[in-house]
Amino acid sequence: MVEEEAKSLPMELSEKGGVENNGFVQNEAFDDKDTNTSSQEEMPKTCVVDADPAAIEEPALKPYAGMPKEVLLKFSRQARYRVTREILFWLTVAAAIVLVCATITIIALSPKCLDWWQASPIYRIYPRSFKDSNMDGNGDLKGIQEKLDHITYLNIKTIWITSFYKSPLKDLGYGAEDFYDIDPMFGSMSDFEDLLAAIHDRGLKVIMDLIPNHTSDKHRWFQLSRNRTGKYTDYYIWQDCGQAAGSVTPPNNWVSVFGNSSWQFDDVRKQCYLHQFGKEQPDLNFHNPAVQQEIHDIIKFWLGKGIDGFSFNAVKFLLEATHLRDEPQVNKSQNPVTITAYSELYHDYTTTQVGMHDIIRSFRQTMNLFSSEPGRYRFMGSDGDEKEDIEATMVYYGTTFIEEADFPFNFNLINVKNLSGNSIFEAVNLWMRNMPAGKWPNWAVGSPNAARISSRIGKEYVNVMNMLLLTLLGTPVTYYGEEIGMENIASETVSKEPMNSNLVVATFPEKSPMQWDGKVNAGFTEGNGSWLPVNSDYQRVNVEIQMTWSNSTLNLYRELTLLRNSELPMHRGWMCYIWNDSNIFVYVRELDGLDRVFMMVLNFGQESTIDLKAIVPSLPSEAIVRLSTNFSNAGKSVNTKLIKTEMGEGLILEYKTAKPVHTMEAFQGNCFVAEKACYSSAFNLLYVNC
């Protein structure tokens, strides 16, 4: 009965008894193998059931994970998927194009980033007086390494170490015996390499001195030259000397910087050699190409070691006139026989000769070979020309198309004779008005060759001079110890010279040991003594104690460097002179697009009161004291119609304005900018097209 009903069903079923779905079948042969197995019972081939054919249509297939290629292509060709895909593709292309165009635009409009030698103050170290690590009384390279944390504490990222070449240490080591070695007093080449690595590990840069004009008379080149050995015969400037009655007559009237004739007779060669400095420092002959190549090789050696730049010293003496004529007398009526001082002659034939700048530019080209690596630009500084000849000094900047020094070092502020607001203004203005367009200024208030600020102009002006230094446009250079207000030691102090056992009179009062703490020898050395005595004020003028005083010179210096580093107008904005008189010098720092302005009111004379709003009518009636040489004034509000400063006081005022000084016609001749930039508050970035 059942069999008959089954046979009457109109629907045919497959051998597997259902509708077949091959959606996940990977191998048809697999099905054949299963169905043909001999062990299986033979099933009825078909059966018929009574069903509607429309009801048994194959269900619609939808996309699913793991689809084979054939199924995927079936869906990808459908319009709804194809159009969506094409829209997303072209949107991605358009976004990429917009991003590239925006990047190009930002790059094109962005100002040049300040390089490392522009962005940070430079800290100048006289290594013999900085820190002694081996208790011999002399500072050394390991001592500098021990105190690198002090440099970072000051927010400074560039160190300038004065000469440490192997040398007999005549003239402070500026006559090298070997340009490729370290003087044992300062350590070894390994010590230098360790110091260099430590400096770079902290993200700092280091500059070193190079004095190409002369060597020590102990140098191998000079020993070979005096014996007329091969190519070294003409490495120095030799001339026959006249001899009469057992005395030597020099070839001309040229006088050395240190006084007396610049010619010295040599018993070995039986000729005179030229020395524009000490007789132990014979001048190299830069008319000889082989000598120039020697200096290029020295530059390559130290840059290869990894130093970040050079300060080239005494470069104006590189060439002398070959005609050897007498130089003109300043006082023509003076008896020529009595001329012994350098200042008694015009040095027309021994300084800044034709071709001298070409030699310096060739040094620049060699340094550029090491500046191609990103972030490794090699800085080149030089000394300038005569103090009175500002135009000759500016030539060291080079031109737009001919590179020379990044800047000649500027000592105008050190050379100020009679301190006043006017004299400081004149020193600043002299440099800024003569500096070539597009160049970068620099400033220094101390050096190894000048009395310290405290001794030169008075303790009461140390803080205001540091405030001036760190708020002017350009790169500030600080001589070690000025950040704590160190003073000269007594110039007639007796010291023991390590190079020999004789007692000598110290003539380097501005080079006394750095005062680190109030312990014996001011923490400079743990030995029995130092090469120069420590100043007697070391117990109250030292780093350790000033770190604890909120109103100390050290803490003010640190606050000033923080302000300079953090505020855009302070390190790359406009500088405009507002006022100067016998007491005060007033100027502002501004940036296009930024409404925040900083005004410096610096007193270099006596107590003063000034109405600044009368000078700058757009000035707001009140301003905030951002920093003061007297920390208790910081944060106070002052009336711009009545600003009072005491002797040696400095104020940094902050205010907002929609009309900066550099846009005012009345101040157009008083405003300067280097590496111009404008600020966009909408995008929080700098751009150049103001």
Side-chain angles (χ1 to χ4, degrees), residues 122-154 156 158-202 204-211 216 218 302 305-308 311 448 479-481 486 489 495-501 504 506 508 510-517 519-535 538 542-544:
I122 296 174
Y123 191 79
R124 190 175 186 183
I125 294 174
Y126 184 67
R128 194 175 181 183
S129 296
F130 196 62
K131 181 67 172 72
D132 172 25
S133 70
N134 59 1
M135 300 189 296
D136 69 350
N138 295 290
D140 45 47
L141 299 180
K142 283 187 176 180
I144 296 175
Q145 185 173 342
E146 288 178 10
K147 292 297 183 179
L148 288 179
D149 286 344
H150 178 66
I151 309 299
T152 57
Y153 177 78
L154 295 176
I156 290 176
T158 303
I159 303 170
W160 173 7
I161 306 176
T162 61
S163 181
F164 51 81
Y165 302 102
K166 185 177 181 182
S167 167
L169 293 179
K170 299 291 184 181
D171 188 23
L172 309 177
Y174 283 94
E177 181 180 340
D178 187 349
F179 286 106
Y180 294 94
D181 202 2
I182 309 293
D183 194 280
M185 175 184 292
F186 303 121
S188 64
M189 185 61 74
S190 177
D191 293 335
F192 172 77
E193 291 166 351
D194 290 344
L195 171 61
L196 190 62
I199 288 172
H200 288 159
D201 285 346
R202 284 171 168 79
L204 309 179
K205 304 288 186 179
V206 62
I207 300 167
M208 61 185 286
D209 279 340
L210 180 57
I211 310 92
S216 165
K218 307 297 183 186
W302 289 104
K305 285 285 184 183
I307 70 156
D308 301 290
S311 167
Y479 181 51
Y480 83 94
M486 281 177 59
I489 56 171
S495 73
K496 187 173 182 179
E497 177 69 37
M499 295 302 294
N500 56 62
S501 60
V504 297
F508 317 125
E510 67 285 338
K511 299 179 182 66
S512 60
M514 179 67 178
Q515 295 162 203
W516 295 106
D517 54 44
K519 300 174 185 175
V520 177
N521 295 318
F524 166 73
T525 180
E526 294 181 5
N528 295 326
S530 52
W531 80 284
L532 284 179
V534 172
N535 198 300
Y538 73 91
N542 65 68
V543 172
E544 184 179 70

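These values consider heavy atoms only, across backbone and side chains, with no hydrogens, waters or symmetry-generated copies.
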Inset, instruction - Please name the pair of heavy atoms, one in Ser311 and one in Ile207, separated by the smallest distance, quoted to 0.1 Å. - result: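 Shortest heavy-atom separation between Ser311 and Ile207 comes out as N-CG2, 3.8 Å.
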Legend entry - Non-hydrogen atoms of Phe186 and Asp140 that approach each other most closely: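 In this case the closest contact between Phe186 and Asp140 is O-CB, 3.4 Å.
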Inset, instruction - Sequence neighbours left out, what passes side-chain contact (heavy atoms from CB on, under 4.5 Å) with Asn528? Give chain and number order. - result: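 side-chain contact (heavy atoms from CB on, under 4.5 Å) list for Asn528, sorted by chain: empty.
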Legend entry - Partner set under side-chain contact (heavy atoms from CB on, under 4.5 Å) for Asp149, not counting sequence neighbours: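 Once residues adjacent in sequence are excluded, the partners of Asp149 under the side-chain contact (heavy atoms from CB on, under 4.5 Å) criterion are Thr152, Arg202.
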Quick one: side-chain hydrogen bond (donor to acceptor under 3.5 Å, both in side chains) partners of [X], sequence neighbours excluded?
X	result
Thr158	none
Asp308	His200, Arg376
Ser216	none

Checking the side chain of [X] only, and the main-chain atoms of [Y] only, is there a donor and an acceptor separated by less than 3.5 Å?
X	Y	value
Asp132	Met135	yes
Ser129	Met514	no
Asp517	Gly523	yes

Legend entry - Side-chain H-bond candidate by donor/acceptor type, Asp209 with Ser163, under 3.5 Å: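 Per modelled atom types, Asp209 and Ser163 side chains form no pair under 3.5 Å.
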For residues 187-199, please give each side-chain donor-acceptor pair under 3.5 Å, one per line with the distance, not counting sequence neighbours.
| unit_1 | atom_1 | unit_2 | atom_2 | d |
| --- | --- | --- | --- | --- |
| Ser188 | OG | Ser190 | N | 3.4 |
| Ser188 | OG | Asp191 | N | 3.2 |
| Ser188 | OG | Asp191 | OD2 | 3.3 |
| Asp191 | OD2 | Ser188 | N | 3.0 |
| Glu193 | OE2 | Lys305 | NZ | 2.5 |

Inset, instruction - Assign the ring pair Trp516 / Phe130 to parallel, tilted or perpendicular, where the plane angle (0 to 90°) is split at 30° and 60°. - result: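 Plane angle over 60°, so perpendicular.
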